[in-house]
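What follows is a structure written as structure tokens; I'll ask about it next.
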Amino acid sequence: MKKQLKKFLEALDDRTGIPSGIRHFLGEDIPASSGWHQVFGSVALFMILVQFFTGIMLAFNYAPTAGQAYDSLRYIMTEVTGGRLMRGLHHWGASMVIVIVVLHMVQVFIWGSYKKPREATWIAGVILLLLTLAYGLTGYLLPWDNRAYWGTVVTTQIGASVPGAGPWVSRLLGSVGEIGVVTFARFYALHVLLLPPLTMLLIGFHVYLVRRHGVAPQPQDEGKPKKKFFPQQVFRDTLAIFVAFAILFTLAAMVRVPLERIADPTDTSYIPRPEWYFLFLFQSLKLFEGPLELVGTVILPTLAILALIATPFIDRSHLVQVRQRTLAIGIVLLAGIGWGGLTLAAVRGTPPQTAAASIDFSGPVQWMLLKPAELAGLHYFRQENCGRCHNVLRGGEAKAGPVLADAARRHDRDWMIRHFADPQSTSPGSAMPPVDISPAQMGDLAAAVSALTPESGDLLAITPDFVSSGAAVYQKNSCGGCHVVNGAGGRIGPGLNGLAARRTEAWTAEHFINPQKLSPGTPMPVYPLSKKEMQDLISWLFTLPEKSPT
Amino acid sequence: MTIETKTNRRGFYTQAIFALNTLLAAALAVPALVYLLVPGGRKRKETFVDAGDVSHLAPGAPVELSFQQSRIDGWRVSTEKRTAWVVKTAADKVIAYGPQCTHLGCAYHWEEQPKQFVCPCHASLFSVDGKVISGPAPRPLDRYVAQTRNGRLFLGPLRQFGESTATDETNPERAA
């Protein structure tokens, strides 16, 4: 058996040269000082390959047009087995690549490995860093949710502000005036057609140069015998790759990547936020105002890139021990502090997203179709702590009261209202205390309990708080007397489904306080709502589906 | 370091490299295979659509009804025009056949004389109860899962002969 394998390998070698090629590759001489600090290049390469792989997997179920991208991604996340994991791997993998490429760069910088004759290796690396960032920028648009859309609006506007080249950048990105289907097609083509082959070519060139010049030695390597790449350093690289991938896998499996509502160019309340690794740029823009803005958007980033490229030509000193490279270490520390500070400031400085924008559309959203009375009932259910004694679905922990999922089959609305007011009158011997809410509110609570069926899933668990409290405000003020929501209510005022497309949140808020000013002649009275009531009510109204379900 | 410990270490490294790479390959391959091959976990409920009034159908005389049915196609839901050959049996039961011959999918039609479904492509003949009389058709006509309520016909998914066409009781109302 062993003999046959050997013979087969020899024959294969004669014809292809692959086995001896691999042997040659693994048998590379590396300096005696090589060690754990040099694993990042291999990890970066592996992580980029993982991105290629997961990207291809996603493409198998993804429709690359602005019209269908969102639906197909939602399909991947909610219907395809393992789809959520696959998207998680690609999403978090993008961040991992950036982190590792930067770590790789920092190591090479501190150790001074960019020095003559390795300048070209370094420059190829800088370009690879820029390509990595370009993936992040273009991939950001592809989910086509609000976050993608508004993030890209900012990016393309920065591109458009470059003096001289601005209009051409806009042309190239298909983002003249507004971003739309053309922008989407351009970003997709860049992300999957242009960047990957470019990356592969550059990685090939980069690795070729590393082999050509050999792994950079240290001063103490002088006169010491060389080591082989295999097996010790290969083992270190593999272990590092394994740890990095384990972190990525855990992130992908544990941390939900949300999908916001579909891109809505009319949503003026959305606060765009870039990916975390661009936050520092986002923040540094705030330091420059008016005509100086260009300094932050264009001049400083360009200078930083030029400085990186010029590094091997600026620092032409002789190679010294790592410990003596205090200037390099200092620069890295300063850059780290600057980056960290700006990022922290950006995280602290961004106002919280509106409640409506925080809904995860890759989760169940059937609460959106509930009528106001049912949603308000859920609010009382929560307020009165009904869940302490009742489970909604079967199979939860044991509780004192019965499961409510099929209560509507057993009891009608009147029975429920009598039961809420005086539990013992309908269920002698029940330990349930009376529910302390008004009869109208009991009607809503009964509607909510009737909506809790085994088929509807755990409505109580998935309905956001602001939605149920917003609906409670709606019911308390009898808005349904004049307005239709999800098919229920009066026809005097306009239906409220699709409000988000017609009005802004600010307009709606002012309309409650001063309806005559905004809609002269309207029969709508003034509603002096509290700040919290106003916020919950408006947030909920702005999550309503565009069309009233029938 | 003796030569022996050196070879031991070499062996350990080699084995560890193989083991770690195998784990990595598996951690990528298994999710990918599951992603590509395992059908989605969510079972779709049968939805029924109203195919029209069947209260005046004469027993034993099939008619072709057309109706709109929505089809879930990956991430898209499209509404399509469908047709069915509907026949009322002597026992007042309504059967709805899929409009395609079970041989190669040609559209067949009903011939009053001699009371047979005839496929024009390869001359398959089916009786009024859907059974193959002659020709290359491999199995009886496919049937829609069907239910009548207040004289109207509600149709669900199309099933091949032998598959259960029993209806789930809760349904027609949801569709209406």
Side-chain angles (χ1 to χ4, degrees), chain A residues 26 46-47 49-50 52-54 56-58 60-63 67-89 93 228-246 248-250 252-253 364 409 453-455 457 550, chain B residues 1 3-50 68 70-79 167-176:
Chain A
L26 292 175
F46 180 83
M47 282 298 158
L49 292 177
V50 168
F52 286 175
F53 182 74
T54 53
I56 290 170
M57 284 296 137
L58 289 177
F60 278 175
N61 280 316
Y62 176 75
Q68 290 189 32
Y70 179 84
D71 289 337
S72 60
L73 184 59
R74 184 149 190 264
Y75 168 80
I76 290 173
M77 297 182 72
T78 55
E79 314 238 334
V80 177
T81 319
R84 192 178 282 279
L85 177 72
M86 208 48 85
R87 192 207 173 191
L89 286 172
K228 293 282 180 205
F229 181 46
F230 186 86
Q232 194 188 29
Q233 189 64 25
V234 175
F235 168 74
R236 286 179 178 142
D237 286 6
T238 313
L239 189 59
I241 286 170
F242 187 81
V243 170
F245 187 75
L248 170 59
F249 202 93
T250 315
R409 279 193 194 165
T453 60
E455 293 84 43
T550 42
Chain B
M1 199 187 302
I3 290 174
E4 198 175 319
T5 57
K6 222 175 168 177
T7 40
N8 275 346
R9 257 179 65 185
R10 209 182 151 82
F12 164 74
Y13 283 141
T14 315
Q15 279 169 7
I17 290 165
F18 270 108
L20 289 174
N21 277 314
T22 311
L23 280 175
L24 282 171
L28 280 170
V30 172
L33 287 175
V34 167
Y35 172 83
L36 293 176
L37 299 176
V38 178
R42 219 200 274 177
K43 241 186 135 182
R44 293 180 197 286
K45 281 214 195 74
E46 290 177 359
T47 51
F48 284 72
V49 288
D50 185 348
Q68 301 279 327
S70 63
R71 185 166 70 99
I72 295 169
D73 175 15
W75 48 87
R76 281 172 35 146
V77 180
S78 47
T79 308
T167 53
D168 145 12
E169 284 174 29
T170 56
N171 251 314
E173 261 165 317
R174 172 185 306 279

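Quick caveat, the model's predicted, so the values are computed rather than measured. Chain letters run A, B, ... following the sequence lines, proteins first and then strands; every chain starts at 1.
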Using non-hydrogen atoms only, which part of A:Asp237 is less than 4.5 Å away from chain B: side chain, backbone, both, or neither? neither
Side chain, backbone, both or neither: which part of B:Leu37 has an atom under 4.5 Å from a heavy atom of chain A?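 Contact with chain A: none, neither part.
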Checking heavy atoms, do the side chain of A:Leu58, its backbone, both or neither come under 4.5 Å from chain B?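 Looking at A:Leu58, backbone and side chain both touch chain B.
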Return the CD to CH2 distance between A:Gln68 and B:Trp75, rounded to the nearest 0.5 Å.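 Reported value, rounded in 0.5 Å steps: 7.0 Å.
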Once you round to the nearest 0.5 Å, how far does OG1 of A:Thr81 lie from CG of B:Leu33? 12.5 Å
With rounding to the nearest 0.5 angstrom, report the CE to CG distance, A:Met86 to B:Leu28.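 With rounding to 0.5 Å, CE (A:Met86) is 8.0 Å from CG (B:Leu28).
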About how many Å separate CZ of A:Phe60 and CG of B:Leu36, when rounded to the nearest 0.5 Å?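 B:Leu36 atom CG to A:Phe60 atom CZ measures 6.0 Å (nearest 0.5 Å).
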Test: side-chain hydrogen bond (donor to acceptor under 3.5 Å, both in side chains). Region: residues 16-34 of chain B. Which pairs qualify, not counting sequence neighbours? none
Considering only heavy atoms, which portion of A:Phe230 lies under 4.5 Å from any heavy atom of chain B: side chain, backbone, both, or neither? both
What heavy-atom pair brings B:Ile17 and A:Pro231 nearest, and what distance separates the two atoms?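 Closest pair (atom of B:Ile17, atom of A:Pro231, distance): CD1-O, 3.7 Å.
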Non-hydrogen atoms of chain B under 4.5 Å away: do they reach the side chain of A:Phe249, the backbone, both or neither?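 When you check distances to chain B, only side chain atoms of A:Phe249 fall under 4.5 Å.
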Tell me, side chain or backbone of A:Ile76 under 4.5 Å from chain B's heavy atoms, or both, or neither?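 Answer is side chain: those atoms of A:Ile76 sit under 4.5 Å from chain B.
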Flag, side chain of B:Tyr35 to backbone of A:Met57, donor-acceptor distance under 3.5 Å: yes
Heavy-atom cut-off 4.5 Å, strictly under: side chain, backbone, both or neither for A:Ala63 against chain B?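 Interface part for A:Ala63: both.
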Tell me whether the count of non-hydrogen atoms from other residues, nucleotides or ligands lying under 6.0 Å of CZ in B:Phe18 goes above 12. no
What's the separation between atom CD1 in A:Ile241 and atom CG in B:Leu20, rounded to the nearest 0.5 Å? 9.5 Å
When you look at A:Phe235 and B:Gln15, which way does the side chain to side chain contact (heavy atoms under 4.5 Å, CB included) test go after all the steps? CA-CA 9 Å; A:Phe235 168 74; B:Gln15 279 169 7; over 6 Å; no
